[in-house]
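Values below: all heavy atoms of this structure, side chains included; hydrogens, waters and symmetry mates excluded.
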Amino acid sequence: MMAKKRSLESSKQKKNRKITSNHPSKFRRKKKKNEEADEFDEVETDGLYNHEQDEDLRHHDDVDNSDDDDDTGLYTRGLVTQHNKKKKKSGGFQSMGLSFPVFKGVMKKGYKLPTPIQRKTIPVIMDGKDVVAMARTGSGKTAAFLIPMFERLKAHSAKVGARGLILSPTRELALQTLKFTKELGRFTGLKAAVVLGGDSLEGQFAALHGNPDIIVATPGRFLHVVMEMDLKLTSVEYVVFDEADRQTLLFSATLPKLLVDFTKAGLTDPVLIRLDVDSKLSEQLKLAFFSVKSVDKPAVLLHVLQNVVKPNEQTLVFTATKHHVEYLKELLDIAGIECSFVYSTLDQTARKINIGKFQHKKTNVMVVTDVAARGIDIPMLDNVINYNFPAKPKLFIHRVGRVARAGRSGTAYSLVSGDEVGKSFQVFELRFD
């Protein structure tokens with residue numbers, strides 16, 4: 001009897017081992033899902049869910065996912081939803097109730113936490129209110145109006161007619177916004193087109209016939225195209241004036257009284273969100289003032305660029321007119337300092353070449369006028385030099401606001417001649433009031 005009992009037990013053990021060996025992948029998948037669930041709460045970057053690391057987990061060498069491809073997306077979405085519910089109080093993008101494609105675009109762009117302007121404006125815009133927003137250059141205004149736009153438009157529509165319109169003051173800013181729109185909204189399926197001066201009308205007509213959901217445009221060329229194509233705008237439901245029952249948004253780094261009066265004419269009970277008042281300067285910004293004679297300014301500029309600014313740092317030099325730009329360009333060339341230059345009447349091809357050189361660090365110095373620099377975005381800019389001191393404190397703030405952004409430090413150098421001393425005192429009052 002004992003021998004028979006041992007024999008029965010042995011046969012049961014063999015049967016169990018056989019069952020187990022017939023389904024190894026199922027057990028590995030189950031184990032892997034448990035590991036993912038355990039790992040989920042730990043995979044986090046400053047309050048944001050780390051999709052890239054989750055992607056690595058799902059494609060571990062020990063797991064055969066060939067049979068589960070259809071379930072992976074649903075499972076990941078479930079994890080994101082679960083994570084979002086847990087983290088509602090963290091103040092991150094996930095607490096804003098973003099859809100999966102939009103949230104994934106934010107993650108891939110590398111954003112960790114919303115900036116103050118994004119935190120203030122996105123919920124208000126998503127609530128359907130018209131907004132007038134003001135924040136410093138580099139504070140994240142573009143994402144602040146793009147994210148709610150993506151949420152509202154959802155996905156590409158087969159219905160003819162653009163639903164989103166973004167008007168930019170310069171072609172550089174329009175191109176920059178288009179690029180950012182495509183990067184941030186790449187998982188939404190939304191189509192975007194650009195309409196701006198300096199490019200062929202035929203190409204822009206073709207782009208609009210492609211039925212884009214979003215149009216990014218400069219005002220002059222856009223009006224021309226509207227007239228030429230007899231373009232109907234009845235489908236537009238989301239409008240943004242960048243720098244500057246339809247929802248209208250106006251975002252700018254500066255907000256003069258005239259612009260405030262303009263907004264009252266076309267907006268419905270707009271919400272004014274003004275995070276940075278006119279006198280706000282970054283705490284990371286260093287200011288340096290050189291008291292010089294007007295005739296000595298060229299020599300002082302060369303001294304600063306050759307002996308004060310580090311060779312690998314990028315510097316933007318502001319001048320009063322295009323004639324100053326051309327003069328300083330020749331001066332720097334003679335001194336052996338390669339530079340880019342931009343002014344408002346410069347040929348479009350030359351503008352693109354010069355800006356491209358500076359953005360890709362082929363040159364570390366660019367000489368500009370205020371108008372020409374309006375749409376140029378250099379995120380990692382190190383220094384600003386005021387060769388001609390700005391006439392108004394607001395303009396000074398707009399110039400120097402291009403450095404010391406996103407937690408980085410920066411320096412603004414100002415060459416102040418005798419007739420500019422009064423203007424510089426106004427800036428001192430702003431900084432130390």
Side-chain angles (χ1 to χ4, degrees), residues 125 130-132 141-143 145-146 148-150 152-186 188-252 259 262-263 265-267 342-356 371-377:
I125 299 171
D130 287 355
V131 169
V132 178
K141 293 187 296 294
T142 306
F145 62 72
L146 282 180
M149 176 183 279
F150 298 152
R152 176 155 181 160
L153 304 186
K154 299 295 183 188
H156 178 63
S157 174
K159 185 179 177 182
V160 176
R163 294 173 291 150
L165 174 62
I166 303 171
L167 292 176
S168 301
T170 66
R171 65 177 276 120
E172 286 79 23
L173 187 57
L175 289 170
Q176 175 189 315
T177 302
L178 177 70
K179 180 175 180 288
F180 197 72
T181 300
K182 290 181 176 180
E183 291 173 351
L184 194 63
R186 60 178 170 160
T188 63
L190 292 167
K191 296 174 64 176
V194 66
V195 176
L196 42 79
D199 291 349
S200 69
L201 281 170
E202 290 76 12
Q204 294 175 2
F205 290 159
L208 293 178
H209 281 303
N211 192 29
D213 302 286
I214 302 167
I215 297 175
V216 184
T218 51
R221 174 55 67 90
F222 184 65
L223 287 175
H224 186 183
V225 169
V226 167
M227 298 296 292
E228 288 288 331
M229 295 183 66
D230 192 23
L231 192 65
K232 305 300 181 186
L233 302 177
T234 54
S235 59
V236 174
E237 58 187 77
Y238 193 105
V239 180
V240 179
F241 296 96
D242 190 10
E243 299 287 358
D245 44 17
R246 172 181 307 186
Q247 186 177 4
T248 309
L249 313 175
L250 190 148
F251 281 73
S252 183
L259 196 55
F262 161 75
T263 64
L267 277 64
V342 178
Y343 48 82
S344 58
T345 58
L346 187 67
D347 173 76
Q348 293 292 351
T349 302
R351 285 169 67 93
K352 186 181 292 186
I353 292 172
N354 276 277
I355 292 171
V371 175
R374 188 71 178 180
I376 301 172
D377 181 50

Considering non-hydrogen atoms only, spot the tightest contact between [X] and [Y] and give its length.
X: P212; Y: A207; answer: CD-O, 3.5 Å
X: P148; Y: A143; answer: CD-O, 4.1 Å
X: T349; Y: D347; answer: N-OD2, 3.0 Å

Side-chain ([X]) to main-chain ([Y]) donor-acceptor, under 3.5 angstrom:
X: D213; Y: S157; value: yes
X: R163; Y: L153; value: yes
X: N211; Y: K159; value: yes
X: T188; Y: F150; value: no
X: Q204; Y: L196; value: yes

Would you call [X] and [Y] a side-chain contact if the rule is heavy atoms closer than 4.5 Å?
X: F145; Y: I166; value: yes
X: L190; Y: K154; value: no
X: V195; Y: T218; value: no
X: V240; Y: L165; value: no
X: I214; Y: Y238; value: no

Could you measure the distance from the [atom1] atom of [X] to the [atom2] atom of [Y]? Nearest 0.5 Å is fine.
X: S200; Y: F205; atom1: OG; atom2: CZ; answer: 9.5 Å
X: L146; Y: E183; atom1: CG; atom2: CD; answer: 11.0 Å
X: R351; Y: T170; atom1: CZ; atom2: OG1; answer: 7.0 Å

Sort and list the pairs that fulfil salt bridge (charged side-chain N to carboxylate O under 4.0 Å, His left out) and have at least one residue in residues 224-233, not counting sequence neighbours.
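Non-adjacent pairs meeting salt bridge (charged side-chain N to carboxylate O under 4.0 Å, His left out): D230-K232.
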
Any salt bridge (charged side-chain N to carboxylate O under 4.0 Å, His left out) involving residues 190-208? Give me the pairs, sequence neighbours left out, ordered by first then second residue.
R171-D199

List for me each residue that meets salt bridge (Lys or Arg N to Asp or Glu O under 4.0 Å) alongside K352, sequence neighbours excluded, and say none if there are none.
none

Given D242 and L173, is the side chain to side chain contact (heavy atoms under 4.5 Å, CB included) satisfied, shown in steps?
CA-CA 9 Å; D242 190 10; L173 187 57; 3.8 Å; yes

Among L178, V194, L208, L233, find the residue that satisfies the side chain to side chain contact (heavy atoms under 4.5 Å, CB included) test when tested with I215.
L208

